[in-house]
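Notes follow once the structure below has been shown.
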Amino acid sequence: MKGLVIARSGARTEIWLPEQQKVVLGIPRGKLIKQGERIYAGDWVQVRIVAPNEAAIDAIDERKNLLPQPPVANVDKLIIVVSWREPEFSNLVLDGLLAQAEFFDLPATIVFNKMDLVRKRDLPKLESWISLYESIGYPVLKTSLKTGEGLDSLWEMMKGNLVVLAGPSGVGKSSILNALIPNAELRTDEVSEKTGRGRHVTTEIRLLFNPYGGWVADTPGFQRVDLPKWVALESLPVLYREFKQFQCEFNNCSHTNEPGCGVRAAVEQNLIEPKRYQTYLYWWDATKQIEEEG
Ligand SMILES: Nc1nc2c(ncn2[C@@H]2O[C@H](COP(=O)(O)OP(=O)(O)O)[C@@H](O)[C@H]2O)c(=O)[nH]1
Ligand SMILES: [Mg+2]
Ligand SMILES: [Zn+2]
């Protein structure tokens, strides 16, 4: 029988059995432990029922991807939440998060939340950013928890998938989760302040059942751009997806100073948005610096 790992904390593994519509405790077989196999939330596993609420885990299915932070396997969608104001939009941060998503093979969707805070005179600027990201193949949604704008589209987009929210702190990730899943509010910063326990620190990763279908991780994925730490310098050139269609003289071209670079030629002809190329150069330098430090 197949099961989905929905919670991992220390030695405890909870498994959702779609056929039985219930959650059981998962006990990894000795063989798996000996092989040093790690089990992640989001893993699909082969199980055998050994007690009313217990299942032995015989095998872990191959993963299509693995998000490192929080550790969640088989992510269908990474939703990168940003805002135009409070906090102010940074295309440098967004491009870094998109490159991280590419590196870990996570299909990314961009959500501009807090649309209610966008001034009328800023709308054309915001729309041109949105067109840019749509033109390179990232879906973009505009939402507001305050007015309800775009929430139906957001729920529709999250439906039936295993979704992780990512993005800078303060953009509204917890608010989105709470609006979707009312009893998820245990996880917000406000609640932990109220209980006086300070910041909620937990090693548990739990997938919450999306009432429209599918699952949502209860803690956000990357909030910072750790790209320079994670990515080998030579893989950076393929993480800006619109660069891939241009040919360079050298196979391993870094698109920085090599002769015959098709990417730089495309930037000059505005076939690649110069703003994207600028952030590429920034992340290239940052990654190079980390690599040189060893
Ligand atoms: N005006 C406005 N405020 C929002 C919206 N979404 C969230 N907020 C507020 O922004 C603050 C940060 O939200 P939170 O969900 O904690 O952000 P997180 O750090 O990404 O989880 C909170 O005070 C929310 O009430 C929105 O669409 N519009
Ligand atoms: Mg939060
Ligand atoms: Zn090049």
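Numbering of ligands and ligand atoms starts at 1, following listing order.
Of the heavy atoms in N113, only side-chain atoms (C-beta onward) come closer than 4.0 Å to ligand 1. The parts of L145 lying near ligand 1 are both backbone and side chain, judged by heavy-atom distances below 4.0 Å.
Within the set S174, P168, P220, the minimum heavy-atom distance to atom 16 (O) of ligand 1 is found for S174.
Put simply, the side chain of N113 does not reach to within 4.5 Å of the side chain of K173, judged on heavy atoms.
In terms of the side-chain hydrogen bond (donor to acceptor under 3.5 Å, both in side chains) criterion, residue partners of Y133 (sequence neighbours excluded) are, by chain and number, D95. Qualifying salt bridge (charged side-chain N to carboxylate O under 4.0 Å, His left out) partners for R85, counting only residues two or more places apart in sequence or in other chains: none. A search for salt bridge (charged side-chain N to carboxylate O under 4.0 Å, His left out) contacts involving K229 returns D226, not counting sequence neighbours.
Residue contacts with ligand 1: L117 is placed with no nitrogen or oxygen under 3.5 Å of a nitrogen or oxygen of the ligand (distance criterion only). On a distance-only criterion, K173 and ligand 1 share at least one N/O pair closer than 3.5 Å. At under 3.5 Å, a nitrogen or oxygen of D116, whether backbone or side chain, sits near a nitrogen or oxygen of ligand 1.
Among the atoms of S169, none of the N, O or S atoms falls under 2.8 Å from the Mg ion (ligand 2).
Less than 2.8 Å away from the Zn ion (ligand 3), the protein contributes these N/O/S atoms: C248 SG, C253 SG, H255 ND1, C261 SG.
A salt bridge links R29 to D58: one of the charged nitrogens lies within less than 4.0 Å of a carboxylate oxygen.
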